[in-house]
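In what follows, residues are counted from 1 in the order of the sequence shown.
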Amino acid sequence: MGPNDAVAELERTDGEIATQDNQPVSQTCTVCPTHVTKISGPDEVYLGQTYTFKVEEYSREIQGDYWQEKVSWEVSLYREPEVWGPDRRQSVEKIVLSNHGEELSLAIKEEWAFLDMQVFAYINMPVDDVSIKPKVRGAWAVTNTWSAQKISEYRTYTKTTADTFFRGNVQTFVCEDFATTLVMQFARENNLPFKISNGTGLYDAKEYHYSEHDHGGKHMPFDQVMLKTTGAPDLNPANQPNTVPIVDSVDASSYNAALQANIVKSGMVHIMDTNKNGITNHIQVITDIDVQMTPPYANRPLTTIVPPYRGEFVMAKIEIHQGNFPDNTTAVMRGTGAFLSWDEEEDMYSYWYLGVPVQKGVYEMPSGNYTRNGGTSTGLLFQQAQAVVDWNFSSWN
């Protein structure tokens, strides 16, 4: 085919296209290039939800559905560069839907947490100018709520999971990290909401995006950044709204009465002041309670028996699991202490993390004596425990 046998596009001037014989051709001609110039879609997306992206404009007026059917889509998932990392973004996954049409229905997968996203629509090739970069929010998909049933399931889960950590004797925790990990892990596995407030802000599993919690230019997953900034005082309801009080003051009378009333349950925690200076510095997770009562009718006239027929409190064993700090010898062997920053010692992703394998102990009531590793501390519960608290489940919904 010679140069005079076809119309060839040379340049664009004032909305027209010039041909080789220098005669203007209308923009609506069939030989003009057609491309997508504008798309619409959300600026933010949440894990587990589905969103619609749509072509809004083309480079010229089109008729029929020929060009609509030619629209392709690309979903690019990547990681933006960190301050101390690679100097360009790292591609993780690319999804291409060729000749898909004008609309894209996109389900946000849970494995896309902590990634960046760019959505393109195109006919010939994707370009940055015709794309949307929605912020991917969430540490996991939140599709359920904390009901009475789910809270009950969590209490059972606490016992079995704490025992698994204890028997495994591998993963290490400080005290507040262990307590928080138990409830966070259950929330993740059951697509439940979870929020923690501390001195650096609010960490919401549904709303989380790494860019809003920058730590030295590092892109951190939700659990890492939340746990390393949360301390034992943050589980005291007097300091943060993460927990609610169940037994306000731990003494023999109030605690034993709470046991008799059956209001202390697995999954609740002891907040403790081991230094006796009024500051919460230790956390224990209650994982099992064995209460012994007299028979409800023992030595009592029938006319004095009233519901719920529980009898009289005799004694109880309260099992706890906890994380902790290592002893001085272990810390020195690991090279920790004065030579490390707080970031390293509090980061459970770090080799220098100051945690130990999960520990298990038992309190005997009504005495409050504490036994762990064969040793017994007399009345320890009433000497160190400030309160029994539960997670503030209702505030997470």
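Residues Y78 and E80 have side chains in contact (heavy-atom distance under 4.5 Å, counting atoms from C-beta outward). Side chains of K135 and S211 form a contact here, defined as non-hydrogen atoms less than 4.5 Å apart. The shortest distance between side-chain heavy atoms of L192 and Y154 does not fall below 4.5 Å. Between I289 and S266 there is no side-chain heavy-atom pair separated by less than 4.5 Å. Between T180 and W391 the shortest side-chain heavy-atom distance falls below 4.5 Å. Looking at I62 and Q68, their side chains come closer than 4.5 Å, going by heavy atoms from C-beta outward. Between V174 and F325 the shortest side-chain heavy-atom distance falls below 4.5 Å.
Side-chain contact of E56 with S40: a donor-acceptor pair under 3.5 Å is present, judged by distance alone. In this model, no donor atom of one side chain and acceptor atom of the other lie less than 3.5 Å apart for H282 and T274. With hydrogens and angles left out, the side-chain atoms of T280 and Q386 include a donor and acceptor closer than 3.5 Å. Inspection of the N373 and Q359 side chains reveals no N or O donor paired with an N or O acceptor under 3.5 Å. Checked by atom type, the side-chain pair T229/N198 shows a donor-acceptor distance below 3.5 Å. For the residue pair D116 / Y210, a side-chain donor-acceptor distance below 3.5 Å is found, with atom types taken as modelled. A side-chain N or O of Q284 and one of Y363 form a donor-acceptor pair less than 3.5 Å apart. Counted by atom type alone, Y370 and Q383 present zero donor-acceptor pairs between their side chains at under 3.5 Å. There is a side-chain donor-acceptor pair under 3.5 Å between T287 and E319.
Note: E57 CD to H35 NE2 = 11.0 Å, rounded to the nearest 0.5 Å. Atom CZ of residue F166 and atom OG1 of residue T161 lie 15.0 Å apart, to the nearest 0.5 angstrom. Within the model, atoms CD1 of I151 and OG1 of T156 stand 12.5 Å from one another, a figure rounded to the nearest 0.5 Å. Rounding to the nearest 0.5 Å places CG of L77 at 5.5 Å from CD1 of I95. Atoms CG and CG, from D177 and N324 in turn, are 12.0 Å apart once rounded to the nearest 0.5 Å. The CZ atom of F53 sits 9.5 Å away from atom OG of S105, with the distance rounded to the nearest 0.5 Å.
Between Y255 and H270, the ring center distance clears the sub-6.0 Å criterion.
Taking the six-membered ring where tryptophan is involved, the planes of F222 and F194 are perpendicular, since the angle between them exceeds 60° and thus also 30°. Ring orientation note: the planes of F114 and Y208 are nearly perpendicular, at an angle over 60° on the 30°/60° scale.
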- request: Please assess D128 against Q118 for the test side chain to side chain donor-acceptor pair (under 3.5 Å), listing each intermediate value before the final yes or no.
  value: CA-CA 9 Å; D128 282 343; Q118 189 169 7; 3.1 Å; yes
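In summary, E212 and R137 engage in a salt bridge, as defined by a charged side-chain N under 4.0 Å from a carboxylate O. Using a 4.0 Å cut-off between charged nitrogen and carboxylate oxygen, R155 and D390 count as a salt-bridge pair.
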Pairs of donor and acceptor atoms involving the side chains of residues 240-252, under 3.5 Å and at least two apart or interchain, shall be tabulated with distances.
from	atom 1	to	atom 2	distance (Å)
N242	OD1	S197	N	2.8
N242	ND2	S197	O	2.8
N242	ND2	D234	O	2.8
T243	OG1	L235	O	2.8
D251	OD1	S253	N	3.1
D251	OD1	S254	N	2.7
D251	OD1	S254	OG	2.8

